[in-house]
Structure formats: C-alpha cells, structure tokens
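In this text the structure is predicted, and so the values were computed from the model without any measurement. Start at 1 and go down the list; that is how both ligands and their atoms are numbered.
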Amino acid sequence: MARFQTLPILLALASALRSALAHPAKTQGGPDDSDNDDTPLPVVIWHGLGDTFSAEGLQSVGALVEKTNPGTFVYYVRLDENPSNDRTATFYGDVNAQVAKVCADLAGHPILSTAPAVDALGFSQGGQFLRAYVERCSAPPVRNLVTFGSQHNGIVDYRACSPADWLCKGAMAMLHTNTFSDLVQSRLVPAQYFRDPRDLDRYLDRSNFLADINNERPDKNSTYAENISRLSNLVMYLFGDDTTVIPKETGWFEEVNGTEVTPLRARRMYLEDWLGLRALDRKGGLTFRTVPGNHMQIADEELERVFSEFFGPANKRFASGDGYVASDEL
Ligand SMILES: *[C@@H]1O[C@H](CO)[C@@H](O)[C@H](O)[C@H]1NC(C)=O
Ligand SMILES: *[C@@H]1O[C@H](CO)[C@@H](O)[C@H](O)[C@H]1NC(C)=O
Ligand SMILES: *[C@@H]1O[C@H](CO)[C@@H](O)[C@H](O)[C@H]1NC(C)=O
C-alpha cells in the first residue's frame, strides 16, 4: 500500500528522535542498530473503569513495557487531557463516540500514525474498547492485542466501587435501572456492554455497543471479522478469583447462562466465525490465559512475561506464523 512507502524512513527518524530524547548520553542497541525492524512497535494502553491515563499504577505498567522492550513508545489512551474528566468518561459517555475519538487521536498522532503497526494492551473494559478499535478503525493497525479481565461477552453485574466512590456508585445504581433505555444506553458506559443471555432479544435490539462489535446481529460487518482475523495474536487473560466482573468468564469470551458455561470454541459465534476468532485460532493466534487473584491483580512478572512474548521488535515472529505485520503491504 502506498501509505507505507515512506514508512521505513519515518520510522527510523521517529526511533532516532525517541532514543535521542530518552537516552541522550548513550547509544542504544548493538551492531544491527541500523536495522529498523528491531525497533519495538509502539504500545497503546487503554485503562479500565474508574482509572485515568495519568494514574501512577498505569504509568508503572508503561514503565514495565519500556523496561522489558527498551525504546518502546507507550501511549496511554485518554478521552480528555484532564485526568478527572478522563476518569468520568470511564463511567459516562457514548462508547461509540469514545472509540471514534480514539481512532482519530491515534490516526493523528505523529509517532503512532507513522508506525507500521502498534501492539495494544487493554485493562478490563479498555480491552473490549481496543477490540472495537481493531474492528472499526483504520490506522495504525494492531499487531497483538492483550486483554486483562475484559468483558468481551458482556456482564450481568459489576461490583467495582470502593465505599466512598460516589461517581462509581451512581453509575452502578443506574446499570440495573432502565438498562436498555436510549438514555442509559447512550450515557452509561457499563450499560453498553450489559448482556444477559436470559434476555438476549432485548440486548440484540437495544445494545448501543457490544452487540455491534460482537457481530451478533443478523447483518454482520465483514470488516470486523477480517480485522480480528488479521491480528497476529489476541491474548485474553482471565482473573481466576475475579469477584468484580460478573461473570468472570467473559474475559475468555465464554457464554455463561445460569450455571451453564459454554467455552468460546463451542459457541455459534465462533463456529460460524462471526468475528474472525476461528480464523485467528486456526493460525495459532488465539491465546487463553489465567492469572490467580481478583480483578486487576496482576504480578509484575506476569506482565513482563507477556510483554516480552508479545510486544517488542517489529520483526518478531510468532507461533501464528505471522511476522512483521505490514510486510506483505510494503
Ligand atoms: C463496517 O464497519 C466499518 C468500520 O466501522 C464501517 O465503515 C462500515 O460502514 C461497516 N459496514 C457495514 C455494512 O455496516
Ligand atoms: C481494518 O480493516 C481495514 C480494511 O481492510 C484496514 O484498512 C484497517 O487498517 C484495519 N484496521 C486495523 C486497526 O487493523
Ligand atoms: C439461557 O437459558 C434460558 C433458560 O434457562 C433460555 O431460555 C435462554 O434461551 C438461554 N440463552 C441463551 C443465549 O442460550
């Protein structure tokens, strides 16, 4: 594709600039420093409910990405430059508009828009929002998407609020009141991925976000499926002792109906490949992992392991057989 023709130069420039800024006194890398395929792909992180882009905990995850793969440019998704408004936007707003804003922000970002691809890391609801990015947005493309405790198959409940968090409590109270009214669907973020298998028709009819990005309605968007199947890897982490997200199995895209749990690979959406997940699985690009602990309790060692396995150099090869994601387009 034409838009990639100037890319190696831009990438080299961006990389040189980055290392000059980050390491003014020392040179980076070894003898093949000139090979820009060694440059780690940028990493885009989308935080979860109640968090902000500037939060210390999130920034320390970014620091860990850079420690694992030195020279990585890390971008923290934000809906507002003001951290308090960014936090509010995790509870209130139209998710479709939020994803569209993030598409525009990434496409207009001087470094991200010139990278051949990015890797993406989504925490909790940030995971399904980044998946929507992959399905709906154009540039930069995503190589690997890693999600932790995300609500890929929706929720029937969310127990996320600390005792004094009134913003959170207000949102959660609203979640179960007129969940599928226009007002709540266009304004309350968790309502837009509320999905009860015992009340599926109303969800299919009314859901403002999840039913669309999951391609569950009769009219499927083939771009969504193509884009998911073109990922090198989708890595879904489940928190083994998650009591915040109900049901926790949503982290693996499983269907939980009462006591019945249907694994993704046995679901119609997979068998008929509504979303490209089966195609991705067939090339070895679909990974299910569990970490012990409650929602968002992740050991640094686990993060470092996944960063070193799935993030890093643009020319990295994966079990899915995929190498440099844009190589067939150059
Ligand atoms: C599918 O999604 C893409 C990206 O959001 C959009 O441009 C396109 O119009 C959609 N196609 C259909 C048939 O809805
Ligand atoms: C999704 O697919 C379209 C059409 O092939 C492509 O232009 C776009 O880069 C893809 N988006 C992502 C984020 O991979
Ligand atoms: C869930 O189970 C109920 C019966 O308990 C059934 O009526 C409903 O169709 C099931 N939903 C799905 C999505 O299978």
Next on the checklist: Under 4.0 Å between a side-chain nitrogen and a carboxylate oxygen: does that hold for Asp212 and Arg136?
Outcome noted: yes
Checklist entry - Does Arg230 reach ligand 2, in the sense of a heavy atom lying below 4.0 Å from it? => result yes
Item to check | For atom 12 (C) of ligand 1, the protein heavy atom that lies nearest, with its residue and separation | outcome: Asn221 ND2, 3.4 Å
Next on the checklist: Could you check whether Lys248 pairs with Glu254 (Lys NZ or Arg NE/NH1/NH2 to Asp/Glu carboxylate O, under 4.0 Å)?
Outcome noted: no
Checklist outcome for this item: Atoms of ligand 1 under 4.0 Å from any heavy atom of Arg136, numbered from 1 in the order shown, are 4 (C), 5 (O)
Checklist entry - Does atom CZ of Arg267 have more than 12 heavy-atom neighbours, drawn from other residues, nucleotides or ligands, at distances under 6.0 Å? => result yes
Checklist entry - Is Asp182 salt-bridged to Arg206, cutoff N-O under 4.0 Å? => result yes
Item to check | Note: Arg265-Asp281 ion pair, threshold 4.0 Å (strictly below) | outcome: yes
Checklist entry - Near Tyr224, which atoms of ligand 1 are under 4.0 Å from a heavy atom of that residue? => result 2 (O)
Checklist entry - In ligand 2, which numbered atoms sit nearer than 4.0 Å to a non-hydrogen atom of Cys137? => result 1 (C), 8 (C), 10 (C), 11 (N), 12 (C), 13 (C)
Checklist entry - Based purely on interatomic distance, does Leu200 place a nitrogen or oxygen under 3.5 Å from a nitrogen or oxygen of ligand 3? => result no
Checklist entry - Would you say Arg217 has more than 12 foreign heavy atoms packed within less than 6.0 Å of its CZ? => result yes
Checklist entry - Relative to atom 8 (C) of ligand 3, which among Asp201, Asn257, Val256 owns the nearest non-hydrogen atom? => result Asn257
Checklist outcome for this item: Numbered in order shown, the ligand 3 atoms found under 4.0 Å of a heavy atom of Glu255 are 13 (C)
Checklist entry - Under a 4.0 Å heavy-atom limit, does Glu260 contact ligand 3 with its side chain, its backbone, both, or neither? => result neither
Next on the checklist: More than 12 heavy atoms of other residues, nucleotides or ligands under 6.0 Å from NZ of Lys169: yes or no?
Outcome noted: yes
Checklist entry - Is it the side chain, the backbone, both or neither of Asn227 that has a heavy atom closer than 4.0 Å to ligand 2? => result side chain
Item to check | Any protein heavy atom nearer than 4.0 Å to atom 2 (O) of ligand 3 | outcome: yes
Checklist outcome for this item: Per-atom filter on ligand 2: closer than 4.0 angstrom to a heavy atom of Val134 are 11 (N), 12 (C), 13 (C)
Checklist entry - Within 45° of the ring axis of Tyr92 and under 6.0 Å from its six-membered ring centre, is that where the NZ or CZ of Arg187 lies? => result no
Next on the checklist: Nearest non-hydrogen contact with atom 9 (O) of ligand 2 belongs to which option: Ala117, Pro141, Ser138, Ala132?
Outcome noted: Ser138
Checklist entry - Any protein heavy atom lying closer than 4.0 Å to atom 5 (O) of ligand 1? => result yes
Checklist entry - Can you tell if the side chain of Phe288 reaches within under 4.5 Å of the side chain of Leu264, non-hydrogen atoms only? => result yes
